[in-house]
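One-based numbering along the sequence shown. Since this is a predicted model, take the numbers as computed values, not measurements.
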Amino acid sequence: MLAPHLLGLGAVAQPAGESGRGLRYVSNLVLSDAFRTNVGALNPGQEELIFSLLLRNDSGNIVGLATLSLPPGRQQQWALSQLFPDVTG
């Protein structure tokens, strides 16, 4: 159970106004009984956005891959547990 007093913090993976192409990184993701991480995206464009999330462990090994789509003008967030149900830590 998550403690009710914890504050969620955001991290900008790509500043607004920059090209949507290329790799972006978000570090310090956690999925445990004490903490959780959600990943969010915003599509301000006029076309569907399709992107992939590649999850790596502390050693840099790939432990998960999720391909997502986001309709134009929408925002959404996903829990790591939803995207990578077999991964903990």
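Here the shortest heavy-atom pairing between Asn38 and Ala79 reads OD1-CA, 3.2 Å. The minimum heavy-atom distance between Phe84 and Gly64, with the atom names listed, is CE2-C, 3.4 Å. A pairwise comparison of heavy atoms in Gly45 and Pro72 identifies O-CB, 3.2 Å as the closest pair. Here the shortest heavy-atom pairing between Glu48 and Ser69 reads OE2-CB, 3.2 Å.
No path of Ile, Leu, Val, Met, Phe, Trp and Tyr side chains, each step under 4.5 Å between heavy atoms, connects Leu68 with Leu65, placing them in separate hydrophobic clusters. Side-chain heavy atoms closer than 4.5 Å link hydrophobic residues (I, L, V, M, F, W, Y) into clusters, and following such links, even through other members, never connects Leu42 to Val39. Connection of Val63 to Trp78 is established within a shared hydrophobic cluster, with ILVMFWY side chains joined at heavy-atom distances below 4.5 Å, either directly or through further cluster members.
Interatomic distance, Gln77 CD to Gln82 CD, rounded to the nearest 0.5 Å: 9.5 Å. Atom OG1 of residue Thr37 and atom CG of residue Leu83 lie 11.0 Å apart, to the nearest 0.5 angstrom. Distance check, rounded to the nearest 0.5 Å: CG of Leu55 to CG of Asn61 gives 11.0 Å.
In this structure, Arg56 places its CZ atom where more than 12 heavy-atom neighbours from other residues, nucleotides or ligands lie under 6.0 Å away.
At distances below 3.5 Å, at least one donor-acceptor pair connects side-chain atoms of Asn43 with backbone N or O atoms of Leu70.
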